[in-house]
Amino acid sequence: MHAANKVTQCADDWIDIGALDEIPRQGARVVRRASGDIAVFRTLTDEVFALRDRCPHKGGPLSQGMVHGRNVSCPLHDWKIDIDTGIAVAPDEGCTARYPVRVEGGRVYLSLTPEERGSNGSS
Amino acid sequence: MKERLVLVGNGMAGMRAIEELLRIAPDKYDVTVFGAEPHGNYNRILLSPVLTGEKNFTDIILNDPEWYATHGITLHVGKEVERIERGLRKVVARDGTSAPYDRLLLATGSSPFMIPVPGRELAGVLTFRDIHDVEAMLGAARCHRRAVVIGGGLLGLEAANGLLRQGMEVTVVHLLDALMEKQLDVTAAALLKASLEERGLRFIMRVQTEAILGDDRVRAVRFKDGTEIAAELVVMAVGIRPNDALARRAGLHCERGVVVSDTMQTYDPRIYAVGECVQHRGQTYGLVAPLFEQARVCANHLAELGFARYAGSVSATRLKVTGVELFSAGDFQGRDGCEEIVLKDAGRGVYKKVVLENNRIRGAVMYGDTLDSAWYFQLMRDATDVASLRDRLLFGQAHLGEAGHGDIRSRVATLPNSAEICGCNGVCKGAIVEAIGDKKLFTLEEVRAHTKASSSCGSCTGLVEALLATVLGGDYSTTPKNKPLCACTDHTHHEIRGAIRDLELKSIRAVMDCLEWKSPDGCSKCRPALNFYLLTAWPGEYVDDNQARFINERAHANIQKDGTYSVVPRIWGGETTPAQLKAIAEIAEKYRVPTVHITGGQRIDMLGVKKEDLPAMWGDLSAAGFVSGHAYGKAVRTVKTCVGKNWCRFGTQDSTAMGIDLEKLAWGSWMPHKVKLAVSGCPRNCAEATIKDFGVVCVDSGYELHVGGNGGVKVRATDFLCSVKTPEEVLEYCAAFLQVYREEAHYLERTAPWVERVGLAYVKQRIVENEASRRALASRFQYSQRFAQVDPWTERANGVDRHEFIPLKLVG
Ligand code: SRM
Ligand SMILES: Cc1cc2nc3c(=O)[nH]c(=O)nc-3n(C[C@H](O)[C@H](O)[C@H](O)COP(=O)(O)OP(=O)(O)OC[C@H]3O[C@@H](n4cnc5c(N)ncnc54)[C@H](O)[C@@H]3O)c2cc1C
Ligand code: SF4
Ligand code: FES
């Protein structure tokens with residue numbers, strides 16, 4: 001039961017980013033890239049999601065926020081972002097890119113190709 | 001057999017004397033009361049609000065017939081005593097009812113004065129003295145339109161305002177060119193007139209009434225200058241005359257009233273007199289405060305205690321017109337040798353004048369803002385030398401020496417316990433505060449019942465309510481607020497803390513399960529709060545949840561807008577050394593810190609550090625002897641100090657050492673919000689101790705402790721907690737204060753709003769008045785510090801939470 005189940009598009013650039021245990025529950029870790037960091041979140045129930053590490057508000061690093069349910073509160077001005085969709089929780093508006101991620105045998109795999117919005121049918 | 005006491009005059013002064021007597025000698029007399037009015041005793045002062053419709057008659061009854069019955073008093077209402085047979089020692093009423101006495105008390109009040117003009121007997125011409133008059137006015141207001149009030153004094157204006165509120169067109173006619181000339185100076189009178197005109201009252205000044213015209217009912221009023229004004233109702237409010245007719249007929253010595261001695265006895269020692277009918281040392285009185293003092297003295301003598309003396313009163317006046325703030329006392333006109341200090345703020349509609357003679361207040365007039373009237377009145381009666389307050393006198397008590405804002409609650413909070421709150425009944429702040437605490441009073445009604453404060457004219461009601469609010473804090477509220485902590489729960493902060501303690505919950509999970517949290521793992525609001533409540537309740541036992549902390553606390557550094565962090569090492573008491581400065585300089589260079597800033601908290605901030613570099617940088621700082629400054633935490637932050645007596649020519653104590661000791665005591669402790677301390681070496685207060693959560697101002701005799709201040713968005717000056725003599729005491733009081741705050745404040749509630757919510761009196765009670773409570777709090781603080789004073793930077797430099805500081809993976 002992880003986000004990758006919902007991936008509809010096929011990505012061929014999956015990479016192994018580490019063990020699930022290296023990400024704290026209700027927390028996040030960063031995958032650092034020259035073209036911009038990706039935040040990988042782990043919820044209380046071990047769901048894993050990945051978003052571009054930039055808040056739609058003013059670019060705050062979402063990886064530094066607090067994870068509760070399927071939301072992360074941005075550390076800079078406390079916007080709530082849905083980590084499943086990358087969309088800001090109302091009344092705030094905006095979204096950040098979402099990356100396919102899956103867990104297999106205790107390891108976390110991330111695709112570096114962002115999903116196209118709306119393709120996964122999530123609400 | 002009991003002695004027989006007869007009271008003639010069932011009014012405010014006489015009945016107050018009986019109440020006082022019952023309190024001190026309940027079984028001494030068989031009491032009989034005669035009253036000409038057909039009711040029990042009621043609060044005459046509140047006839048004005050009955051006239052405006054703000055109250056009704058039942059609201060103002062002081063003693064109903066049952067009260068008389070339960071106290072074994074024989075009450076004759078509607079019976080006017082016609083004569084006193086002093087030889088036979090009995091009184092006889094008009095209808096023949098008689099009663100024998102051993103002692104007699106006369107309290108016949110006064111009668112309104114009627115100007116002897118033709119037409120004064122016409123229907124529709126009234127006075128303003130009793131409930132009967134008020135009922136007649138209310139009746140007239142229902143079927144007539146125009147009213148004329150003759151007399152622009154206190155009573156006349158209250159009558160006029162009442163009739164206006166009843167929908168009549170009201171004109172006040174006054175002999176002089178300024179209203180309330182006995183109580184106001186020209187400026188205040190003009191302000192008052194303007195404000196009453198704004199409400200719709202009309203005035204005709206400097207006119208003398210010549211006749212009242214009409215056939216059966218009044219139709220118009222004619223003045224000496226020949227002009228006329230139409231009216232269907234005329235209220236005469238031109239003055240009162242002591243009602244001494246009965247006494248005169250009985251041959252008692254009377255001048256302007258019944259003459260009494262300092263023991264309230266007339267020339268016949270069996271006969272006492274109190275109230276408006278009395279003349280004492282050449283003075284007559286027309287306000288309840290002095291009359292109640294007379295009643296107290298009289299009761300003392302009737303009880304044969306024999307020590308009280310009445311020496312006359314200074315009285316103060318207020319006008320009971322809702323929305324008009326007016327106060328006057330003493331000799332407000334001044335005379336030769338007097339000086340006036342005046343404040344006039346036309347914009348706010350405020351005028352204050354204080355008349356001084358030899359640096360003592362002789363009189364005061366205030367219009368628009370009367371909050372400090374009790375204070376001025378006190379200074380005046382105590383003949384306090386105000387030379388040192390002079391330049392700030394008119395700004396009020398709350399502005400003495402601090403930048404406090406002038407809202408009513410902080411102003412009553414600054415009043416000394418001896419300050420009189422209720423002028424009518426002479427009740428001081430201390431007595432009210434004590435009653436609220438001891439008798440567990442929560443409402444205005446209860447305070448009235450137990451202390452009599454605010455039970456007479458009611459103009460101190462606002463002050464009493466403010467006192468309730470400051471003493472009870474959150475408990476005093478018309479609508480109890482039971483706000484849940486956040487949307488994840490229905491429980492309040494208070495309930496949650498109670499559950500954590502009573503059910504011995506030691507982790508966030510346990511709390512959420514036990515209290516049936518509505519969300520699986522809370523939110524960014526409740527999780528940090530729960531973590532904090534757990535750590536205060538169970539230091540050393542609870543399970544800290546790093547994921548329930550904001551990033552700054554999790555990373556032990558402040559996140560900046562670009563995602564980098566800042567590093568602020570602790571600089572104990574703001575004092576550093578060249579060696580420390582060199583170490584910081586080298587570390588800043590080594591990690592290429594873009595900005596080094598001297599903070600507002602007397603330390604050094606290195607800004608723009610990459611998260612990955614933090615542990616190594618901390619390792620270097622730690623090696624150089626630094627620990628975290630907790631600039632990021634809901635925790636004790638800085639302790640600012642000044643150089644104090646080691647260097648400063650004004651310093652009284654070693655404020656720097658005091659500050660360092662405080663910081664060593666308190667560093668590392670987590671708090672509901674950030675906490676800042678300061679120690680100033682003298683009252684010049686260079687360390688700004690009076691806008692800190694806990695501030696110390698050194699003085700020759702020791703240390704003054706202040707609490708509940710902050711700078712920031714809403715500046716609040718501290719409340720003065722107490723003075724102590726030794727540094728050890730400062731540490732103990734500080735520990736106790738921090739502990740009571742962390743145990744009881746809501747998470748994210750800084751000390752200032754917390755102190756306002758629970759009330760300074762409560763804080764004092766926990767820390768100053770109750771030594772055992774203080775000791776216990778301080779030792780709980782010390783205990784929890786054993787677990788808290790571990791430098792988080794050194795730990796992390798040695799590998800704790802390593803994952804927090806490095807990326808999971810580097811790509812490309
Ligand atoms: C660094 C510093 C400014 C400076 O360069 O001088 C500073 C910087 C910040 N202040 Fe401050 N305050 C600093 C001294 C002050 C002072 C002065 C003082 O302490 O004497 C005040 C007013 C006094 C007071 O607190 O009562 C002050 C009142 C605030 C407030 C308003 C607090 C309030 O109760 O209204 C905030 C906002 C808050 O805490 O919610 C705030 C919040 C902040 C934050 C934490 C804002 C944030 O969340 O990012 C800033 C973090 C800076 C950082 O990353 O290091 N800062 N701040 C000062 C650090 C002092 C230190 O050595 O630790
Ligand atoms: C409308 C109004 C507003 C006021 N506002 C204020 C105020 O804001 N602040 C303030 O301090 N003061 C105020 N006063 C004044 C205050 O009410 C009086 O000072 C106070 O009531 C006087 O008390 P007393 O007992 O001397 O007289 P009263 O209260 O008048 O009592 C005397 C009683 O004796 C009765 N009586 C007289 N002769 C006889 C007799 N022969 N036999 C039997 N009974 C007799 C009368 O009927 C009366 O009931 C106000 C007064 C009025 C009328
Ligand atoms: S507080 Fe007083 S002692 Fe300290 S530096 Fe200022 S003036 Fe000097
Ligand atoms: S940058 Fe995220 S809330 Fe402002």
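The sequence lines fix the lettering, A, B, ..., with proteins before strands; numbering per chain opens at 1. Only heavy atoms go into these numbers, but all of them, side chains included; no hydrogens, no water, no symmetry mates.
- The closest donor-acceptor contact from the side chain of B:R554 to the backbone of A:Q64 lies under 3.5 Å.
- In this structure, the portions of A:I17 lying under 4.5 Å from any heavy atom of chain B include both its backbone and its side chain.
- Chain A is approached within less than 4.5 Å, heavy atom to heavy atom, by B:R509, B:P520, B:D521 from residues 508-521 of chain B, ordered by number.
- When the candidates A:S73, A:P24, A:G59 are compared by the number of heavy-atom contacts under 4.5 Å with chain B, A:P24 comes out ahead.
- Note on B:G522, B:C523, B:P528: by heavy-atom pairs under 4.5 Å with chain A, the leading option is B:C523.
- Looking at A:V72, neither its backbone nor its side chain comes within 4.5 Å of chain B, counting heavy atoms on both sides.
- Evaluated for a side chain to side chain contact (heavy atoms under 4.5 Å, CB included) with B:L808, the options A:I23, A:V108, A:V30 yield exactly one hit, A:I23.
- Side-chain atoms of A:R29 come within 3.5 Å of backbone atoms of B:H803 as a donor-acceptor pair (strictly under, hydrogens ignored).
- Atom CZ of A:R52 has 12 or fewer neighbouring heavy atoms from other residues, nucleotides or ligands inside a 6.0 Å radius.
- Contacts of A:L110 with chain B are absent, with no heavy-atom separation under 4.5 Å from either backbone or side chain.
- The part of B:D545 that comes within reach of chain A is its side chain, from C-beta onward, which places non-hydrogen atoms under 4.5 angstrom from that chain.
- Of the possible polar contacts, one joining the B:Q547 side chain to the A:Q26 backbone as a donor-acceptor pair under 3.5 Å is found.
- For B:K506, the NZ atom sits in a packed shell: over 12 heavy atoms of surrounding residues, nucleotides or ligands are nearer than 6.0 Å.
- Heavy-atom minimum distance, A:R32 versus B:L810: CB-CD2, 3.4 Å.
- Residue B:A555 does not touch chain A at all, counting heavy-atom pairs closer than 4.5 Å.
- Listed by first then second residue, pairs satisfying salt bridge (Lys or Arg N to Asp or Glu O under 4.0 Å) with a partner in residues 17-26 of chain A read A:R25-A:D46, not counting sequence neighbours.
- Heavy atoms only, all atoms of each residue included: A:P61 and B:G563 are closest at CG-CA, 4.1 Å.
- Within the 4.5 angstrom heavy-atom criterion, no atom of A:T43 approaches chain B.
- Only the side chain of A:D78 comes within less than 4.5 Å of a heavy atom in chain B; its backbone stays farther off.
- Note that the CG atom of A:D37 and the NZ atom of B:K809 stand 14.5 Å from one another [nearest 0.5 Å].
- Contacts of A:I15 with chain B are made by side-chain atoms alone, with heavy-atom separations under 4.5 Å and no backbone atom involved.
- When A:N71, A:V31, A:L112, A:V40 are compared by the number of non-hydrogen pairs under 4.5 Å with chain B, A:V31 comes out ahead.
- Other residues, nucleotides and ligands contribute only 12 or fewer heavy atoms inside 6.0 Å of the CD atom of A:E93.
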